[in-house]
Amino acid sequence: MKLSVLVTCYNQKEYIVEAIESILSQKVNFAYEIIIGDDESSDGSYELIKKKYSDYDNIKTFQLSRQDDGERNASIRASKLRVRLLESVRGEYFAYLDGDDFYCDNLKFQRQIDILDNPSNSDCVCCADDSYFYYDKDNIRKIAPEYLVSGKIPLKEYWYSLWFHASNCVFRSSIINTMPHQLLDKVFHDNIITFWALQSGSLYYQNVTTMCYRQAATNSIWTVNKEIVRHIRQIIGYDVCVKLNPKFWFCMYYRNRMSFEYLCVNRNKNFEDISSYVNLAKELNCKDTLFLVLFREQNLLKKVTIRIKHTLLSKICYLKAIKINRYNSKRIKKLL
């Protein structure tokens, strides 16, 4: 088995067939499997999958019960589903695909695995490509910056300003046993998946667009969240990634500077419906997250320290952004 494609699904009956068909349409010269994990959908998604694909030998399905642990936080449940899928991998490589997204290039996997199989890329644990923000068939937009060319990308450069959706990536399965479950099981999401993987090696980028990241899905975990929840999730991600690799803390801060700014500006507000994320931050000992979301509970000295820290860092980030933009502008001019 060369590749395991891991598909997550929750109430995506409208999209899931397109996602699966985009995998089956791949033109490859190796054996692969599709493992579909359903988070106990209530819209008939799982029944549709079972009915349509029950005769496929290379498609396996399972369903997580929503009664097993009583967890209701959609973000945490999605993370647990991804971890469960990871435990089912049999392939030399693995890839994720969310059930509302789809591939738009049927040579995607063949090209990526040819790159990773090349001995000159043995240091790479991941091969990524570009994707579209997909609103509808007449409204799509490439995500990767125009200056980016195919080749290996240093972790530091990636983490300052680049982003590839996890569904754009193929990963070596050899990294699975490096998974720090206690830290990641409840936060195993897009950027964190990639950052965890890149602790074991380099990333190879191929400049071709192969996946559509759907933006109009009404039940997307990210889009249905309130703005405060999105920013808290980002800062929890910052804290978690700093635990994975402390030396990249400033890269992580710079990457999440807008979320830090939002929480700093709104530090004295009493937000509702964030208790599950506060509890998660406490469980994972996410100190920076807790300092900001529980700012009103800090003593005066701690409040002053927090404000000074983030004021200084925001100014440093502003100067760093100018430097990065100048550098990238020069790269674009060279390409032209």
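As the structure is a computational prediction, the values presented were derived from the model and not from experiment. For the numbers below, each heavy atom of this structure counts, side chains included, while hydrogens, waters and symmetry mates do not.
A 6.0 Å sphere centred on CD of Q182 holds no more than 12 heavy atoms belonging to other residues, nucleotides or ligands. Annotation for E21: atom CD counts as buried by contact number, over 12 foreign heavy atoms lying within 6.0 Å. More than 12 heavy-atom neighbours from other residues, nucleotides or ligands sit within 6.0 angstrom of CE on M1. Within a 6.0 Å sphere centred on CD of E146, other residues, nucleotides and ligands contribute 12 heavy atoms or fewer. More than 12 heavy atoms of other shown residues, nucleotides or ligands fall within 6.0 angstrom of atom CG in N177. K269 NZ: 12 or fewer foreign heavy atoms inside a 6.0 Å radius. Within a 6.0 Å sphere centred on NZ of K152, other residues, nucleotides and ligands contribute more than 12 heavy atoms.
One finds the CG atom of L319 at 8.0 Å from the CD1 atom of I316 (value rounded to the nearest 0.5 Å). Here the CG-OG1 distance, from D239 to T289, works out to 4.0 Å after rounding to the nearest 0.5 Å. Interatomic distance, S259 OG to I232 CD1, rounded to the nearest 0.5 Å: 10.0 Å. Between L85 atom CG and K80 atom NZ the span is 14.5 Å, to the nearest 0.5 Å. With rounding to the nearest 0.5 Å, the separation of OG in S25 from CD in E18 is 10.0 Å. Between the CZ atom of F62 and the CD1 atom of I36 there is a distance of 10.0 Å, given to the nearest 0.5 Å.
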Checklist entry - Would Q110 and F30 count as a side-chain contact (heavy atoms from CB on, under 4.5 Å) if you check the C-alpha gap in whole Å, the side-chain angles of each, and the deciding distance to 0.1 Å? => result CA-CA 8 Å; Q110 187 65 61; F30 51 78; 3.7 Å; yes

Next on the checklist: Quick one, R111 with D129, criterion salt bridge (charged side-chain N to carboxylate O under 4.0 Å, His left out). Give me CA distance, side-chain angles, the key distance, then yes/no.
Outcome noted: CA-CA 10 Å; R111 282 195 299 258; D129 42 37; 5.9 Å; no

Next on the checklist: The test is salt bridge (charged side-chain N to carboxylate O under 4.0 Å, His left out); show your working for R82 and D98 and say whether it passes.
Outcome noted: CA-CA 10 Å; R82 293 188 184 99; D98 293 336; 3.7 Å; yes

Checklist entry - Q26 and K108: side-chain contact (heavy atoms from CB on, under 4.5 Å), yes or no, with the steps? => result CA-CA 7 Å; Q26 293 291 308; K108 169 187 171 66; 3.6 Å; yes

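Counting heavy atoms from C-beta on, the side chains of D185 and M179 come closer than 4.5 Å. Between F250 and L313, some side-chain heavy-atom pair lies under the 4.5 Å cut-off.
Contact between A144 and L148 at its shortest, heavy atoms only, is CB-CD2, 4.4 Å.
Y15 and Y134 fall into different hydrophobic clusters, where Ile, Leu, Val, Met, Phe, Trp and Tyr residues are linked whenever their side-chain heavy atoms come under 4.5 Å apart, directly or through other members.
Aromatic ring centres of F109 and Y32: separated by at least 6.0 Å. Aromatic ring centres of H165 and F133: separated by at least 6.0 Å.
Formation of a donor-acceptor pair under 3.5 Å by the Q298 side chain with backbone atoms of L294 is found in this model. At distances below 3.5 Å, not a single donor-acceptor pair connects side-chain atoms of T210 with backbone N or O atoms of D105. Judged by distance alone, with hydrogens and angles left aside, the side-chain atoms of S167 form a donor-acceptor pair with the main-chain N or O of Y96 at under 3.5 Å. D130 places no side-chain N or O within donor-acceptor distance of the main-chain N or O of N207, the cut-off being under 3.5 Å.
Note on ring orientation: taking the six-membered ring where Trp is involved, the planes of Y205 and F164 are parallel (angle under 30°, cut-offs 30° and 60°). Between W196 and F188, the ring-plane angle classifies as perpendicular under the 30° and 60° cut-offs.
Judged by the 6.0 Å distance and 45° axis criteria, R255 is positioned over the aromatic ring of Y158. In this structure, R77 forms no cation-pi arrangement with Y10, as its terminal cationic atom is not both closer than 6.0 Å to the ring centre and no more than 45° off the ring axis. Cation-pi check for R257 over Y254 is met; the charged atom lies under 6.0 angstrom from the ring centroid and within 45 degrees of its normal.
Partner of H231 under the ring pair (Phe, Tyr, Trp, His ring centres under 6.0 Å) criterion, out of Y238, Y277, Y262: Y262 alone. Tested against C9, the residues T61, D100, D38, L81 include a single side chain to side chain contact (heavy atoms under 4.5 Å, CB included) partner, D38.
Scored by the side chain to side chain contact (heavy atoms under 4.5 Å, CB included) test, Y327 finds R331 as partners (sequence neighbours excluded). For K60, the side chain to side chain contact (heavy atoms under 4.5 Å, CB included) partners two or more places apart in sequence, or in a different chain, are E33, R90.
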